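A short worksheet on the structure shown next.
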Protein chains: 2
Amino acid sequence: MNQAAASRATMKDVAARAGVGLATVSRVVNGDAKVSEKTRILVDQAIADLSFRRNDSARLLRQGIAASIGVVLDDVADPFFSTLNRAVETQAIARKTLSMTASTGNDAAHAKELIVALCARRVDGLIVAAPHGTEESYLADEIRAGTPVVFVDRPPVALKADAVLSDNAGGARLGVQHLIAHGHRKIACLSDGSNLYSVRQRIEAYRQALAEAGIQAEPVLEHSDGHDGLDLGQWLEAADALPESDRPTALFCTNSRASVAVLRALRNRSGAEPGAPWPALLCFDDFELADVVQPGITVVAQDPAAIGAAAADLLFRRLDGDTGPASTITVPTRLIVRGSAETPPVSGRR
Amino acid sequence: MNQAAASRATMKDVAARAGVGLATVSRVVNGDAKVSEKTRILVDQAIADLSFRRNDSARLLRQGIAASIGVVLDDVADPFFSTLNRAVETQAIARKTLSMTASTGNDAAHAKELIVALCARRVDGLIVAAPHGTEESYLADEIRAGTPVVFVDRPPVALKADAVLSDNAGGARLGVQHLIAHGHRKIACLSDGSNLYSVRQRIEAYRQALAEAGIQAEPVLEHSDGHDGLDLGQWLEAADALPESDRPTALFCTNSRASVAVLRALRNRSGAEPGAPWPALLCFDDFELADVVQPGITVVAQDPAAIGAAAADLLFRRLDGDTGPASTITVPTRLIVRGSAETPPVSGRR
DNA sequence: TTGTAGGCGTTATCAT
DNA sequence: ATGATAACGCCTACAA
């Protein structure tokens with residue numbers, strides 16, 4: 001019965017069984033017009049008998065393409081990147097292209113290994129969120145060698161290449177202005193991941209928005225991981241202990257990790273009764289259940305699906321032969337008002 | 001300068017430039033011992049000059065392996081599957097194996113296309129969450145042809161193959177018992193995705209737990225999508241309108257989509273003041289911020305990372321030649337108490 | 001319409 | 001130690 005467990009039948013086998021030439025089998029398999037009905041049936045029978053399936057790896061090697069792309073992201077389990085990844089995958093599948101995904105863990109050395117491995121497989125192209133500290137020279141080599149690369153979430157630093165980014169500056173600015181419009185002047189800026197390009201952009205925009213509104217920036221109100229030896233919870237405790245006139249009345253979280261940390265800390269505020277008032281809160285990056293938390297969290301939402309789709313578009317355009325200059329696409333962000341940021345500046349007694 | 005933009009250098013090119021034979025280049029590239037220092041330097045130089053990089057696709061074709069696996073899941077953007085995916089990827093990378101992921105959207109026909117495409121690429125093996133309605137015959141063919149398949153999240157129905165599952169029954173049973181232990185007898189069972197194997201298992205366990213406790217199952221208290229024409233919000237409204245003696249005092253959500261819907265509905269309960277009491281709530285499947293919502297949501301947590309790791313383990317064991325009988329691994333679930341389920345049965349007046 | 005032969009970029013088996 | 005040469009499984013002129 002199941003005689004062959006190890007190796008699959010090849011076209012040669014099919015040709016032999018059908019008593020025809022190799023090329024004829026190829027023609028049948030590819031639906032090539034010129035083959036007589038008689039031999040087609042013969043071949044189809046042999047194919048069925050041997051349950052032959054064309055080996056696409058061999059086919060693609062011969063044709064010099066891979067019909068697959070590499071997708072290199074910080075972490076495919078992260079909601080932002082997984083959504084981006086899904087959008088890329090959808091575009092790819094529509095073009096009969098498979099995607100090989102790999103997570104860098106934000107480690108530049110690991111990223112390099114992955115990218116090199118992908119290029120060694122001769123993927124048709126690459127979509128990359130390059131970790132901080134990536135030496136781009138090897139990427140430049142790959143691009144020159146003919147593997148187009150589209151950067152996502154962070155632009156290349158010393159490289160002219162396509163990129164798709166969130167409107168970090170615009171979004172952050174809008175968010176901070178929103179807080180200012182609601183009367184806040186003491187606005188803290190909280191970050192976890194301050195070596196990330198996107199986060200740095202947002203912090204910069206925060207400062208600028210303050211300046212534009214004629215508000216003096218105060219370093220005490222800025223907290224980034226690893227900059228003052230405190231974690232976010234400790235920082236909030238310290239802020240609570242500030243004299244009322246210095247205490248922040250609003251919190252701007254520049255990324256979701258900071259947001260989650262802040263939400264947890266606020267939730268567990270020592271000695272607070274359940275309904276104690278929160279400072280105004282505005283988070284960059286939307287998250288599931290942001291509308292369910294009490295109060296609903298106002299956010300500047302990114303659109304990871306749009307980023308992924310745009311990146312795939314760009315990449316496939318290159319694969320289709322577009323040799324135009326490198327372009328950078330900025331994907332808009334959106335302010336979603338849910339209540340947490342629309343409170344007046346009363347410094348919540350804790 | 002950049003003369004070659006189109007095609008990369010091949011070993012043949014390197015051999016020519018170094019003035020050596022093809023085989024020698026191969027030896028150098030692979031660090032094969034027997035090659036003189038002199039020629040090695042020569043070849044290395046040529047490699048550098050041409051910035052040659054071995055084409056792994058060709059190499060792997062020759063060696064008859066793919067060094068890559070296929071990962072077919074409902075949706076790589078779903079938190080459960082993306083975490084599972086990440087775990088698989090980690091194991092794969094450790095074995096110098098790349099993973100090609102593909103999302104089925106829970107569509108059996110699409111899943112088949114993806115799997116067939118993956119097998120045509122001759123992936124070494126497959127990790128699959130098969131959509132409901134999958135005809136398994138073609139999978140059986142692939143397995144017979146030598147591509148091992150490990151099922152995740154749902155077992156094969158008419159197939160003897162490896163599988164890694166959550167302890168759906170045990171977890172659901174534990175959860176319902178927890179509610180019962182807190183005095184509840186009117187426990188609703190809410191599902192969104194009732195054609196999913198896992199959800200069906202949980203519903204079944206819910207019924208059994210009730211029966212074991214001597215509680216009469218009441219169909220009115222069970223709601224599944226598409227079974228009564230109501231969405232979850234409407235169902236909750238209807239439940240609120242029930243006479244107090246029939247009204248559920250506790251809610252058991254069998255999956256995260258139901259959980260989210262319920263959380264939203266409870267949050268927006270018509271005419272409820274912010275602090276209005278909730279019924280006891282217990283959700284199957286953990287989620288980010290489950291501890292931040294007020295009250296914290298008690299859940300039966302799954303361990304998608306463990307599932308992914310176990311599946312990869314199983315698959316690689318097969319690839320290493322294990323021909324033992326198919327095994328099914330059940331990954332334990334864990335009850336995480338956070339407050340939402342530990343309230344006595346007072347039917348919250350809305 | 002059909003078959004033969006050469007090649008895609010490697011590796012593996014022979015000799016030398 | 002090194003080099004031809006034949007595979008791997010397929011596609012594609014070119015012939016027949």
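Source: prediction; values computed, not measured.
- Within the nucleic acid shown, A/Asp56 has no heavy atom closer than 4.0 Å to any nucleic acid atom.
- No side-chain heavy atom of B/Thr24 sits under 4.5 Å from any side-chain heavy atom of B/Met11.
- Heavy atoms of B/Val20 sit under 4.0 angstrom from primed sugar atoms or phosphate atoms, though from no base atom.
- Look at NZ on B/Lys34: it is 16 Å from P on C/dT13, rounded to the nearest Å.
- A salt bridge does not link B/Asp32 to B/Lys34: none of the charged side-chain nitrogens sits closer than 4.0 Å to a carboxylate oxygen.
- For D/dA1, neither phosphate oxygen OP1 nor OP2 lies less than 4.0 angstrom from any side-chain nitrogen or oxygen of B/Ser36.
- Electrostatic pairing of B/Asp75 and A/Arg86 counts as a salt bridge here, judged by a charged N lying under 4.0 Å from a carboxylate O.
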Below 3.5 Å is the cut-off: list the nitrogen or oxygen pairs between protein and nucleotides 5-9 of chain C, distance only.
unit_1, atom_1, unit_2, atom_2, d
C/dG6, N2, A/Arg62, NH1, 2.8
C/dG7, N2, A/Arg62, NH1, 3.1

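- Between the CZ atom of B/Arg27 and the P atom of C/dC14 there is a distance of 14 Å, rounded to whole Å.
- Nucleic acid contact for B/Ser57: none, since no nucleic acid atom lies under 4.0 Å from a heavy atom of the residue.
- For A/Arg121 and C/dT10, the CZ to C1' distance is 14 Å, given to the nearest whole Å.
- Using modelled atom types and a 3.5 Å distance limit, the side chains of A/Arg54 and A/Asn30 yield a donor-acceptor pair.
- Put simply, the side chain of B/Thr90 never gets that close to the backbone of B/Val88: no donor and acceptor are under 3.5 Å apart.
- Here D/dC14 presents its P atom at 16 Å from CG of A/Asp32, a figure rounded to the nearest Å.
- In this model, the phosphate group of C/dA12 is not approached by any side-chain N or O of B/Ser26 to a distance below 4.0 Å at OP1 or OP2.
- Remark: A/Thr328 OG1 to A/Lys160 NZ distance equals 6.0 Å, nearest 0.5 Å.
- Between C/dT2 and A/Thr24, no contact under 4.0 Å exists linking OP1 or OP2 to a side-chain N or O.
- Following rounding to the nearest Å, B/Glu37 (CD) and D/dT2 (P) show an atom-to-atom distance of 10 Å.
- Distance alone, capped at 3.5 Å, is enough to place a donor-acceptor pair between the B/Glu89 side chain and the A/Ser103 backbone.
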